[in-house]
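Letters A, B, ... are given to chains in the order of the sequence lines, protein chains preceding strands, and every chain is numbered from 1. Every value quoted in this text rests on a predicted model; they were computed, and no experiment measured them.
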Amino acid sequence: MAPSPNFHGNWGRLGVGLEDWMAEYTSLEKIRLQKLEELRAAGIEAYPTRARRSHLSVEAIAEFEAKEKEGGEVRVILAGRIRAMRAMGKISFAHIEDGAGKVQLFFRTNELGKERLDLFNRLFDIGDFIEAEGVMFRTKSGEVTLHVHDFKLLAKSISPLPAAKDETLPDGTVVRHAALEDPELRARQRYADLAVNPEVRETFRKRAAIVRALREFLDSRGFLEVETPILQPLYGGAAARPFVTHHNELDQDMYLRISFELYLKRLLVGNLERVYEIGRDFRNEGVSFKHNPEFTQLEFYWAYADYLQVMELTEQMVSYVAQSVLGTYKIRFKEHEIDLTPPWRRLEMRQGILETSGIDFAQHPTAESLFQAIREKHPRLTPDPKATRGKLIDFLLSEFLEPTLIQPTFLYNYPRDISPLAKSIPGDPLTVERFEGYVAGFELCNAFTELNDPLDQEQRFLEMGRDYAADDEEKHPMDEDYLRAMRYGMPPNGGFGMGVDRLTMLLLDKHSIREVLLFPALRKEE
RNA sequence: GGGCGCGUAGCUCAACGGCAGAGCAGUGGCCUUUUAAGCCAUUGGUUCAGAGUUCGAAUCUCUGCGCGCUCACCA
């Protein structure tokens, strides 16, 4: 099908001839481009500049239902996207969807005349945006519907959206047929996914509500929201590989931050006593159902508090968010019923690992001894022989304890050598005041009483440097400016970090981080 | 990065060594209260890409690409 001489489509942008234009579009798209031409030939603007709308779909329906008994007329202008069309001779039905929901449109030759109805049936498609003016009424089968007296195209759709159809079964459940389901397509073309899967839009509305609730909670407790650099001359605050980039004018390599920690704690030095940030972290590591290279993190730092106070604030905050977004403390995640009502269970890490693995790591003060114990007790397991004591403990944690932590649990008191920014427990140099919150078997948050002794901190950086000497990429760089800040004096404080994506997964019962990210990282196409 | 699996029409999926199909969407027709509207007719394919085995490949083998699951990595 060749474009006619008065074709208005922009195939000049290809800078090529007719043949390439033909290859650029699918047969369905070519048909729609022809319709576009016909519309324009008929003097109809396919992309008008302005639209009118008096009501959202739900408002129009509600207003009609309120006035239905006394028979008052409800005249409205609705605007939305065509999701279904049913032409039947001299009448037609369609459903449009707007920001609030769907509403049915009813077209009749009586009001519109044959030509206008034919125009609608022939040249309008699923996916087009339209504006429709008329009077609300109820059809024979009971659906509140707009009786259209006039309509107008607002934007023509060239590429066909998946024409998903909702079937309502006798028991009321809705089955969607031919919905866009391919996970790759849904993620790559999130715009199409959002357009045809309303529950995806709902997921992201709820995500926004979760972030809003976190802010409300912290704001109301005197925390100041701040923004610290994403582009940093030096990365730190976590053990992760960074993304490296380059500033041309400064001729200097820069890193995308892997955490906010060191900058937020600088603010405590500056007498900002309660600070938090919600923003993006970047970690140049593997991608999985719970890892995306960029992810949203919440961190707060609270002067004069310790990790026990942070624990209390955490359970209050998470339950507040659940209550405010879902209206309940009881959530479902996969097959689990989870109760977020505070207080949460508190379990000392040593105790938890002893109970689930039969190994008391306190009896094994060196990596060698702990490694031997694991090999003897669990011969089929193969921990890394080069692992530090802390990493072996972490291994036991994820192997034995983590899967059992379904109901919200604070696991506390961590080995010092995997926690270089946390403060030791008085009288116990091997253990730090740190906890992680676990729900549904995965780590939700991580917090500790922050190390505020600049000399100890310098020592820890040096130790980390040694531990990672063999692996440059994971080496924890010495942040001299951070130490300089600490030397001015940092108040004792409790700090906290939580993955907002993971919290969203938990609260919304989504089992992949991609379901809660609008545009997850994907390999480039082709 | 390793292992396993998947990739067929715009969407959802069949065909599993022997003519590449269905439903929806699309196109033409009938139909003035339908709603997965219905009925009649009909269009649409580089079976992800490339190579190989075979008389014959969507199907078997290899390579590549992409995605999913899983393991590793990830305080």
Exercise for review: Give the C-alpha distance, both sets of side-chain angles, the deciding distance and a yes or no for ring-ring contact (aromatic ring centres under 6.0 Å, His included) between A:Phe124 and A:Phe151.
Suggested key: CA-CA 11 Å; A:Phe124 283 50; A:Phe151 65 91; 5.5 Å; yes

Review point. Which nucleotide in the list B:U32, B:U33, B:C67 gets nearest to the side chain of A:Thr139?
Key: B:U33

Exercise for review: Would you kindly check whether a donor in the side chain of A:Ser141 faces an acceptor in the base of B:U33, or vice versa, at under 3.5 angstrom?
Suggested key: no

Review point. Considering Watson-Crick and G-U wobble pairs with both distances under 3.5 Å, what does B:U8 pair with?
Key: none

Point to revise | Assigned partner base of B:C60, Watson-Crick or wobble definition, under 3.5 Å | key: B:G52

Exercise for review: Assign A:Arg523 to base, sugar-phosphate, or nothing according to its heavy-atom contacts below 4.0 angstrom with the strands shown.
Suggested key: sugar-phosphate

Revision key, fill the gap. Contacts of A:Glu143 and A:Tyr414 projected onto RNA chain B by closest heavy atom; the upstream (5') one is A:Glu143

Check your understanding: Which nucleotide in the list B:A37, B:U32, B:C74 gets nearest to the side chain of A:Arg86?
Key -> B:A37

Check your understanding: Would you say B:C74 has OP1 or OP2 under 4.0 Å from some side-chain N or O of A:Lys290?
Key -> no

Revision key, fill the gap. Between A:Asn110 and A:Val175, the residue closer to the 5' end of RNA chain B by nearest nucleotide is A:Asn110

Check your understanding: What residue among A:His291, A:Gln297, A:Lys510 forms side-chain contact (heavy atoms from CB on, under 4.5 Å) with A:Arg502?
Key -> A:His291

Revision key, fill the gap. Taken to the nearest whole Å, CD1/A:Ile513 to P/B:C69 is 12 Å

Practice item. Do nucleotides 11-16 of chain B as a string where each nucleotide becomes B, S or -: B if the base has a protein heavy atom under 4.0 Å, S if just the sugar-phosphate does, - if no protein is that close. Key: BSS---

Review point. Looking at B:G1, B:U33, B:G26, which one has an atom nearest to any side-chain atom of A:Leu28?
Key: B:G26

**Study point:** Under the side-chain contact (heavy atoms from CB on, under 4.5 Å) test, residues paired with A:Glu294 that sit two or more places apart
**Key:** A:Arg280, A:Phe282, A:Asn292

Check your understanding: In residues 431-446 of chain A, which residues come under 4.0 Å of RNA chain B by heavy atom?
Key -> A:Arg434, A:Glu436, A:Asn446

Revision key, fill the gap. Answer for the Watson-Crick or wobble partner of B:A41, both distances under 3.5 Å, is B:U27

Check your understanding: Do any side-chain nitrogens or oxygens of A:Lys30 fall under 4.0 Å of OP1 or OP2 in B:G26?
Key -> no

Review point. In the strands shown, is B:A36 matched to any nucleotide by a Watson-Crick or G-U wobble pair with both distances under 3.5 Å, and which?
Key: none

Exercise for review: Answer yes when A:Asp479 and A:Arg266 have at least one side-chain N-carboxylate O distance shorter than 4.0 Å, and no when they do not.
Suggested key: yes

Check your understanding: Which base sits across from B:G21 as a Watson-Crick or G-U pair, both distances under 3.5 Å?
Key -> B:C13

